[in-house]
Every structure is written in structure tokens, then in C-alpha cells.
Amino acid sequence: MDKKEVIKSSILEGKSFKFGDDISTDLIAPGRYFHLRSNMPELAKHVLEDADPEFAGKVRKGDFVVAGRNFGLGSSREHAPTIIKMAGVGAVLAKSFARIFFRNSINIGLPVLICDTDRIDDQDNLEIDLGKGIIRNLAKGTELKFSPLPDVMIKLLNDGGLVEHITKNKGFNL
Amino acid sequence: MGKTIAEKIISSHAGRDVKPNDITVVDVDVVMAQDGTGPLAVSQLKKMGFDKVKNPAKSIFFIDHASPSPRKELSNSHTVLREYAGNAGMVLSEVGEGVCHQILVESFVSPGDIVIGADSHTCTSGALGAFATGMGSTDIAVGFALAKTWLMVPPTIKVNFNNALAKGVYAKDLIIHLIGKITAEGATYKALEFSGSRSSKMSIEDRFTISNMAVEAGAKAGIFESDEVTKEYLNSIGRAALYKKIFADDDAVYEDIIDIDCSELEPMISKPHTVDNVSPVSMMEKVKVNQVLIGTCTNGRLSDLKIAADILKGRKVASGVRLLVVPASRKIYLDALESGIIKTLIESGAVVESPGCGPCVGVHQGALADNEVCLSTQNRNFKGRMGNPDSFIYLSSPATAAYSAVKGYIADVREIL
Ligand code: SF4
């Protein structure tokens, strides 16, 4: 773990969908759809439904979820980041994340970026350089940085997630 | 330099001395998933090519969230768990046995263990002096397969609960107060270590309630030292041989120390839609309730049911109120039956459901109608939690819940104590 890891270079582009603070896993993947957990494409049609009922219909591949503090608080359901990813979301940006959600997202290969989201409005066009750690707000002509991820998480993300990491290395190689 | 309890337990499982913010791979003692998270763990295990698990006797699937199953999709998910557990020789906790976190402390966790579970309230086991934390299905699949996980060693915040509790105030009120004080993200990535003159006198069941809600402050773990109370508990459930004293060094370094004078607190309420939206009961307006839930992994234990029964004895649940009671495990259910608690509850008008999560997570057995209000002893009140985003959930102790069921609105139990 000596060498400083960087996220494999890739550029993401899309529109921002803005949410507030304390977006819980109940708002992302509601308990009333518990039975759809065995049918994720169907569950994904309800992603973030209780925070914004229209979101699933509006989001396009590559768009970003942009939120305030403590995104993903609540249950350990990995279905929450999974259906965000399945809806086509390229990355989630927030001022802070709840611990389990953050870890789950990396495990399934969904970039989660901590930055000052006050500087992004709903429907702003963004370009994110994951390797350099830069978010360009094309709508505003501004740039902001996101906090670097721990090296372990970058390794997992670069391997494509935890399942791929374990399969490739036949165990942990962090 | 001395160590906190979390640092000691992680060091012993990493095979080296660790300090806060180190990242390390550790051996894990107990690994579990429940019926909401287990099926995804099974598909990840299969993807990685594992049809066996490393330590089957301490690898458990719990069928507790949708139990008994209300619909075929969930029944099919249960089949996935039964089949995988059967083939891999894992432990399966069936319908009716109870909530995962209660069964874990009754039958699987020992002081000093590392416990990981695909359920955020896995932190409950911290009350036995274990390092117990929640993760997602993929992490847990790897935990089943290898009996290992990676952890970042959390800095620890020490919380001293001092002095005797005032009348009508219980462990639940203490933890709600703490979360209100430090907020829902006040302990994110950190361990909480509970100490102080009150904690050492606290019953094990009260400790379970407090550790259970550590995650509601964002914490990775909520740990009590294991002491004479722990020893007595393990003794009472026939597991005395597993007792080990676990404690922090005197010169352990804490990121913060929070002192709480329990004698100054009153019964507390978490208001919709976040747990840290806290109010003392005396500051509450008159909130009418449609449903009251006493149970869950937070407050479905024998002492909780007894407190409720003592209040409900000779009283009736108000008309227009549904009082649901869910014992957290089969053992608790039986003990409550034998001691007459269940009879008292039913005579007062309560509906008693089979051990499990009950309506806590909005799957079945008590979903709320639009605009309805539920006062619950569970641990979270997020919008939509109990199956309807257009309803309102308040949280309290079992005593406040029982008395409010009688009054028909959120009421101050100290009026009758
Ligand atoms: S009782 Fe509620 S909080 Fe506890 S494990 Fe079940 S669903 Fe989760």
C-alpha cells in the first residue's frame, strides 16, 4: 500500500440532479418494494422515488446525483447504490456520505465523490476527471476538487469492484 | 500509548498493533446476512465461485425481515437462502426464531469478537464487548467466503453516561438524547465507546438498546466493556465459558469525550423524519397516534415488554389506536408468556405478532395509511420507513409508547409513575 493510487483515468459527463441533506436508503430504495430486491431492473424503476418521484423517468445515462450532507444514511441495503448505478448514474457527489453506503458504492464500482455541492445547481452540465480529481461545472465555467479516496478504495474501484478484486487476486490484495 | 476497546479488538484480529485510520485486513468471528440482504450475498458468492463458506458454524442467514413471508417473491428469496445454507452447512435461523441482532447476542457473539453483518444494526452486539459493524451484501459475501474483511480502524468517541436515571427515563431516552446532541452524522466513521458510572450499572438489555442505535449517529460500532454484567448475562444463557473481560486502557486516546448526566434527562422523542430531530416529551404538542409499535431489535426484549405490561395492566388501549407488540426472539416470547406479560398485553388490547422485524421496515404486518402517525420503539423514523412515505413515525421508549397507546396521543409516562 506504499504507492499512491489514482483512479484509472476516465472522464464522465452528464447533468446534475440535485437533492438535499439526509437522503436515506429508505428514500433511495423504499421498503415497500422489498419484494423487488430479487428483480433489480424493476426495483431500479423506483430509484430515489420518495425523494423525487420523477427522477427515475428523467435521469439519462451518465447523469449525476448531487446531494447535501450524509447521503445514504440508514440501512445496509446495497440495493440502494446498485439501483442508482443501474439507472445510469455516473457518480454520486455529496458533501458527506454515510459509512455503509460509501463502502457499498465502491464495492460495486459506483464513484462517490465528496465535494462542495453548494456550487452545483440542478441540471448543471458537469464534466468529471476521476483521475485528476476535478469537477468542471460547464454551466458555470467553474472548477472544484473532490476529496481523494483512500488508496484501498481506489484499488477496488480500479479492479471494477470487490467481487472482481477477490476473483482476480484469489483473496484480498490491498 | 494505550488503546480503546475498538483498537484492542482490531489489533488482536489483524495480528499487529493498529492505530486509528490504519487500514487492515482482519479475521472475523461471526458473519451474517438477513433475508433482505442475503440473496444478493448468495449471488455474489456464486459469482466469485464459492459454494462453501470458511466458517459455517458462525455463518448465519436470518429469515426475519419478511417472516413469515407475505408474498411469493419473498418466499422465493427465502428458498435461495435455505438452499445455499443447506449446501454450505451454514446456520439458518428460520421464520419465528426472531430478529437477527437478538439471536446473535443470545447464541453466537462472545466478548472480544469481530462481527460483521449485512444489516446496519449489527452494531447491537457491541454491547457484549465485541467489535460489531454493518456492511453491504458484497462485503458480507466475501466475509462468508474468507472469514476476513478489511477495516479502517475508527477513532473512538467516549460517551460517559453518569448518575442515576430520573423517573420515567430509560436507556432508549439516553441514546435518543445522545443522537440529538451529536446529530445523525456526529459519529460517522468513528466508534462510540460507552462508559461512565451509569453504564457499569446498566443491564445488558439496556446496553443492547444503546449499542443498537449507534449507527443512527453514523457510528461504525457502539461498544461497552465486558464486565460482571456481561458475565452474568452469558451465565444466564448457558454461555459462561465464553466470558472474557474486555476494557479500554486507562491511557487510551479518544477523539472526543462526551459526558451525559442521566439525572437531568426526561423521556425523549425523535420526530419525523430523522432520528436526530429530538424533543423532550414535555415540549411536545399533543400528537394523536394511530398505531403504536413495541418491539424490534431496539426494544423487543423481555424487560421492554415487562415495562409496557406494567403500564398496561388494568388499562385499555385507546379506541382508534392499534397497539402492535413483537417479541424480538422466540426465547423472549416464551419467557413473556410464562410470566403473564403476553396475557396482560393482549387483555389491554394489543396485537401480538410472531418474533421478527414485524412492521419496522414497511414490508408487512402493520403498514401505515396516508397521513397516519405511528409511535414506535424502533430505531429509525425515515420517511417511508414503515411502508408509506405519506405517514409519520415518532420514536420513544417502550414506557412512553405503552402510555401513549392508552392516552391516544404522545404522552408523558411520568404522569402515572
Ligand atoms: S427490527 Fe427493524 S431495525 Fe431491527 S433488524 Fe429488523 S428491520 Fe432492521
Side-chain angles (χ1 to χ4, degrees), chain A residues 1 21-40 42 49-51 53 69-71 73-82 95-108 150-153 156 161-167 170-174, chain B residues 23 25 36-37 39-40 44 47-49 65-66 70-74 76-77 80 117-122 133-142 145-146 148-150 152 183-185 188-189 215-216 218-220 273-274 276 360-364 367 380 382-389:
Chain A
M1 254 184 278
D21 294 338
D22 292 323
I23 299 297
S24 72
T25 54
D26 283 296
L27 295 177
I28 303 168
R32 66 180 177 282
Y33 301 123
F34 204 86
H35 59 286
L36 293 179
R37 289 187 186 185
S38 52
N39 184 356
M40 296 266 225
E42 206 46 46
E49 184 170 292
D50 287 348
R69 304 198 66 81
N70 211 12
F71 189 89
L73 77 159
S75 98
S76 69
R77 62 190 77 152
E78 197 172 292
H79 313 74
T82 304
K95 288 185 198 165
S96 61
F97 288 90
R99 186 188 71 83
I100 305 177
F101 182 90
F102 194 72
R103 186 171 170 134
N104 282 344
S105 301
I106 301 294
N107 281 343
I108 61 154
D151 282 1
V152 169
M153 291 192 152
L156 292 174
L162 181 60
V163 164
E164 291 74 8
H165 174 84
I166 296 289
T167 309
K170 311 210 169 351
F172 283 109
N173 177 25
L174 295 171
Chain B
I23 288 181
V25 173
T37 56
L40 181 54
Q44 301 296 54
K47 233 190 241 172
M48 292 182 288
H65 278 57
R71 53 192 301 163
K72 65 173 184 174
E73 295 89 339
L74 294 165
N76 289 336
S77 292
V80 169
D119 191 283
S120 60
H121 296 104
T122 301
T133 193
M135 295 179 178
S137 301
T138 302
D139 271 317
I140 292 307
V142 172
L146 309 175
K148 284 185 194 306
T149 193
W150 72 269
M152 179 153 81
T183 80
E185 59 171 351
T188 300
Y189 304 115
V215 68
E216 306 309 332
K220 191 169 196 164
H273 295 289
T274 53
D276 60 359
C360 176
V361 70
V363 184
H364 63 161
R380 49 177 70 125
F382 303 144
K383 193 176 172 200
R385 173 76 184 175
M386 296 180 85
N388 187 342

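So you know, we letter chains A, B, ... as the sequences are listed, proteins then strands, and number each from 1.
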Enquirer: Just wondering, do A/Phe172 and B/Val142 contact through their side chains at under 4.5 Å, heavy atoms?
Expert: yes
Enquirer: Of the listed residues (A/Thr82, A/Ile108, A/Asp50, A/Thr167), which shares the most heavy-atom pairs with chain B below a 4.5 Å separation?
Expert: A/Asp50
Enquirer: Kindly give the heavy-atom pair with the smallest separation between B/Met135 and A/Ser76, and that separation in Å.
Expert: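 Nearest pair, atom of B/Met135 first, then A/Ser76: O-CB, 3.2 Å.
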Enquirer: How about A/Phe102 and B/Thr188: do any of their side-chain heavy atoms sit closer than 4.5 Å?
Expert: no
Enquirer: So which of B/Met152, B/Lys47, B/Lys72, B/Gln44 has the largest heavy-atom pair count under 4.5 angstrom toward chain A?
Expert: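 Sorted descending by pairs with chain A, the first entry is B/Gln44.
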Enquirer: Could you tell me if the side chain of B/Asp139 sits less than 4.5 Å from the side chain of A/Arg103, heavy atoms only?
Expert: yes
Enquirer: Any side-chain heavy atom of B/Pro389 within less than 4.5 Å of one from A/Arg32?
Expert: yes
Enquirer: To the nearest 0.5 Å, what is the distance between NE2 on A/His165 and OG1 on B/Thr138?
Expert: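 Here the rounded value is 13.5 Å.
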Enquirer: Could you look at B/Ser137 and say if it's the side chain, the backbone, both or neither that has a heavy atom under 4.5 Å from chain A?
Expert: both
Enquirer: Counting C-beta onward and ignoring hydrogens, is there a side-chain heavy-atom pair between B/Thr183 and A/Asn70 closer than 4.5 Å?
Expert: no
Enquirer: Which of residues 23-30 of chain A get closer than 4.5 angstrom to chain B, counting heavy atoms alone?
Expert: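 Counting heavy atoms that sit under 4.5 Å from chain B, the residues of residues 23-30 of chain A involved are A/Ser24, A/Asp26, A/Leu27.
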Enquirer: Identify which of B/Lys383, B/Arg71, B/His65 forms the greatest number of heavy-atom pairs closer than 4.5 Å to chain A.
Expert: B/Arg71
Enquirer: Determine the minimum heavy-atom distance between B/Ala66 and A/Phe34, stating which atoms define it.
Expert: CB-CE2, 4.3 Å
Enquirer: Using non-hydrogen atoms and a 4.5 Å limit, figure out which bit of B/Lys148 sits close to chain A: side chain, backbone, both or neither.
Expert: both
Enquirer: Keeping A/Arg37 on the side-chain end and B/Gly36 on the backbone end, is there a donor-acceptor pair under 3.5 Å?
Expert: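 Checking the backbone N and O of B/Gly36 against the side chain of A/Arg37, a donor-acceptor pair under 3.5 Å is found.
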Enquirer: On a heavy-atom basis, which atom in A/Ile100 and which in B/Gly136 lie closest, and how many Å separate them?
Expert: CG2-N, 4.0 Å
Enquirer: Do A/Ser96 and B/Glu185 touch side chain to side chain, with heavy atoms closer than 4.5 Å?
Expert: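 When only atoms from C-beta onward are counted, B/Glu185 and A/Ser96 do touch, with a gap below 4.5 Å.
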Enquirer: Taking side chain as everything from C-beta outward and backbone as N, CA, C, O, which of these in B/Arg385 sits under 4.5 Å from a heavy atom of chain A? Side chain, backbone, both or neither.
Expert: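 Both backbone and side chain of B/Arg385 come within 4.5 Å of chain A.
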Enquirer: If you count heavy-atom pairs under 4.5 Å between each of B/Thr133, B/Thr122, B/Val80 and chain A, which one has the most?
Expert: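 Top option by heavy-atom pairs under 4.5 Å: B/Thr133.
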Enquirer: Is there a donor-acceptor pair under 3.5 Å between the side chain of A/Glu78 and the backbone N or O of B/Leu40?
Expert: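 Such a contact is absent between A/Glu78 side chain and B/Leu40 backbone.
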Enquirer: Using every non-hydrogen atom in the two residues, find where B/Ser120 and A/Gly74 come nearest and quote the distance to one decimal.
Expert: CB-O, 3.5 Å
Enquirer: Against chain B, label A/Pro150 side chain, backbone, both or neither, depending on which of its atoms sit under 4.5 Å from a heavy atom there.
Expert: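 Contact with chain B is through the side chain of A/Pro150 alone.
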Enquirer: So which heavy atom on B/Ala184 is nearest to which on A/Leu73, and how close?
Expert: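 In terms of heavy atoms, the two residues are closest at CB-CD1, 4.3 Å.
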Enquirer: Can you say whether B/Thr149 sits under 4.5 Å from chain A via the side chain, the backbone, both, or neither, judging by heavy atoms?
Expert: both
Enquirer: Considering only heavy atoms and a distance below 4.5 Å, find which of B/Gly387, B/Gly134, B/Gly384 pairs most often with chain A.
Expert: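 Most heavy-atom pairs under 4.5 Å with chain A: B/Gly134.
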Enquirer: Examine whether an atom of B/Val361 lies under 4.5 Å from a heavy atom of chain A, and if so say whether it belongs to the side chain, the backbone or both; otherwise answer neither.
Expert: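 Interface part for B/Val361: both.
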Enquirer: In terms of heavy-atom pairs under 4.5 Å, which option from B/Gly362, B/Ala141, B/Ala367 contacts chain A the most?
Expert: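 That would be B/Gly362.
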